[in-house]
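Each remark here refers to the structure printed beneath this line.
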There are 2 protein chains.
Amino acid sequence: MVTIYDIAKKAGVSPATVSRVLNNGPVRISTKEKILKIIEKENFVPDNRAVYLKKLNTKKIGLIVPDVLNPIYSLKIKVIHDYLKERNYYLILGNSYGYVDEEKSILEMFERERVAGVIIGTCEGEDDSCLVPIFTRMLNNGIKIVFTGKKNYGLKVDVISVNNVSGTYKITNYLIKTGRKKIGFISGEKSLRATEERLEGYLKALKERGLKIDKEIILCEGEYKLENGKRLTKKLLRKVDAIVCGNDLMAIGAIKAIEENGLKVPDDISVCGFDDIFLSSLIKPSLTTVHQPIEKISEIACERLIGWIDGKIKKEEEILIEPEIIIRESA
Amino acid sequence: MVTIYDIAKKAGVSPATVSRVLNNGPVRISTKEKILKIIEKENFVPDNRAVYLKKLNTKKIGLIVPDVLNPIYSLKIKVIHDYLKERNYYLILGNSYGYVDEEKSILEMFERERVAGVIIGTCEGEDDSCLVPIFTRMLNNGIKIVFTGKKNYGLKVDVISVNNVSGTYKITNYLIKTGRKKIGFISGEKSLRATEERLEGYLKALKERGLKIDKEIILCEGEYKLENGKRLTKKLLRKVDAIVCGNDLMAIGAIKAIEENGLKVPDDISVCGFDDIFLSSLIKPSLTTVHQPIEKISEIACERLIGWIDGKIKKEEEILIEPEIIIRESA
DNA sequence: TTACCATTTGAAATTGATTTCAATCTCTTT
DNA sequence: AAAGAGATTGAAATCAATTTCAAATGGTAA
């Protein structure tokens, strides 16, 4: 491969001068043009490995999501990718499947790559408190970290997330208003922040409206996926007249389960979700759900992360975005 | 940050010995253990920039997709990510939106990063023949490239793709068998390989069955997206009794357009798609479509790419995977 | 013509690892 | 006890850039 030395030799200058051309340093216009011509002719492309060995900011950002197949994370990836690209950063992607072992190995890869910052796009999967030592080490080594939608474990990191409590509170209230009395709740693992808070909003609404809380119809286990929604819903059939689901995929599973058992949505059982993925408006009955402001969350996450990297932000913050509920056919 | 020199000093050995420990070189067991302890204690993590400045294979693979939001590409990303991770490679992701300018800037970033290989996951977007010089330069510089689903422009690259011709041929035949006579065709840009070939299969089936080809009901323009499917379908209403769509998203758009105009799918107009995305089985009516073997294509692409990188593959190939049609409710 | 200042330039150090080559240390064998 | 073989180790070069410091060059004013 062509190096800066080859260019320097052909141009009759020192490598330092070529480097200055590449970095807009002070070089006489005529020499600059001569060097640029040679660079073009020789197909020279600088080697980032060497460039960023000297420079401080590697311009690389690591992003971890639990499931690229979940449209909510596809959207997160898209928004973050675009925001960063605009600012000359680029993205290394890790897909953790919600497993801490995977997440750990991805984080270690990010460390070796000396990424400037990391965005954790996770808010579902296993309990990941055991990653705290790695996060601490990364922070100590100057790698900036922003969480979206998970606990901060007392770390010096921003947390940007939707107000989960308020989301399920609003939608449960809506169900009550439409006359539903036996409202069930299904979601993924209890240990997760998303589960904890979404459950909290649901309970809050029931309490305020004086409805009885029945542990039999609250099921928080397994993954935030369609199949699991189906599985859990089967246990609630004929016990409830509405179900608040932990996310849209589970809600879609719930609708499938209800229909497969000869019942109707929303006539027999109302179903509502959380996320407002693309799909939710397309299925039938279309899904009543809590809209997650993914674009906003992702952009704030990027903005904060770059703020940290540029040294403009020094103090961590927890930023909650207020969600809206979207009323459609399923409830 | 802690370096190999710091570790060497604390252990009373030379950096070379520390490097040997990191790379499983010959080191006395007792010194190895001593060094490992210090590495652990000092939180040392090697710097890949320096590591791969010396080593030939950077273990980085660049992947370009036109749209992370399209489930077909989410799936591609997932499969490729997993396959590579298993083999100690990792992924740098670029989202091109089908724009050649974006694709160009992503490719340049890959070059600077000295990726070992690139997978082009594109098969839609603008005509990208103008990227040939960049691909040539990358190949000359030893970066291996594999295309999935696009023209190879005479380059020394593998092309792995679904047999598009066969896919639309089969599904058009199916429509004819069910008694449809006026079958329309809608898709994205004509210049794309996917469009060209899918159109070819459609035309082949019509000709073989002796049906008249009517240019008025063949519309190839715009993007492979839902909205565009809707837009094009509106022009075909009342002119056709079936529509073959370039992909599933367009087909879903087609169904929406038909229903919004008071017609029924499949009673008034049959609709079929191409891809078999997750969504297609969930909507109502569920979509009859050509199943794209994305997992298989992606895995072969990875396998071939790593074969090239390891020097085990020397000759480019074009690999076509035969698709199956999935009959559901929409046709 | 000289002094002074600003603009260009290059030599050499630096970044953090790996790798080669030669030297040293341990054994085993005679 | 000496020789030889094999296992460990370190010094220095290398990878491909940037950056610092000092030197050279050019232009202007006194």
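Just so we're clear, the structure is a prediction, and the values are computed from it rather than from any experiment. In the text below, chain A, chain B and the rest are named by the order of the sequence lines, each starting its count at 1.
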Q.
Quick one, K85(A) and I106(B) - any side-chain contact, counting heavy atoms below 4.5 Å?
A.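 Sidechains of I106(B) and K85(A): in contact.
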Q: Could you tell me whether G25(A) contacts a base, only the sugar-phosphate backbone, or nothing, with contacts defined as non-hydrogen atoms closer than 4.0 Å?
A: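 If one applies the 4.0 Å heavy-atom cut-off, G25(A) turns out to touch nothing in the nucleic acid.
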**Q.** Test: K9(B) and E42(B) ion pair at under 4.0 Å
**A.**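 Answer for the salt bridge query: no.
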Q: State whether D82(A) and K78(A) are salt-bridged, where the test is any N-O pair (Lys NZ or Arg NE/NH1/NH2 against Asp/Glu carboxylate O) under 4.0 Å.
A: yes
Q: Do nucleotides 13-19 of chain C as a string where each nucleotide becomes B, S or -: B if the base has a protein heavy atom under 4.0 Å, S if just the sugar-phosphate does, - if no protein is that close.
A: -BBBBBB
In whole angstrom, give the distance that lies between atom [atom1] of [X] and atom [atom2] of [N].
X	N	atom1	atom2	result
I39(A)	dA16(D)	CD1	C1'	14 Å
I35(A)	dT8(C)	CD1	P	13 Å
R28(A)	dA24(D)	CZ	C1'	11 Å
K9(A)	dG10(C)	NZ	C1'	16 Å
N24(B)	dT8(D)	CG	C1'	16 Å
L56(B)	dA16(D)	CG	P	10 Å
Y52(A)	dT19(D)	OH	P	11 Å

Q: Using only side-chain N and O atoms of T31(A), determine if any of them is under 4.0 Å from OP1 or OP2 of dT9(C).
A: yes
Q. Can a side chain N or O of T17(B) be found less than 4.0 Å away from OP1 or OP2 on dG10(D)?
A.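 True: T17(B) side-chain N/O within range (under 4.0 Å) of dG10(D) OP1/OP2.
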Q. Under 3.5 Å, side chain of S74(A) to main-chain N/O of V68(A), donor-acceptor pair present?
A.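 The answer is yes, because a donor-acceptor pair under 3.5 Å joins these two groups.
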Q) With no hydrogens and no angle check, is any side-chain donor or acceptor of S298(A) less than 3.5 Å from a backbone partner on I294(A)? A)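 Yes.
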Q. Looking at Y153(A) versus F147(A), is the centre-to-centre ring distance below 6.0 Å?
A. no
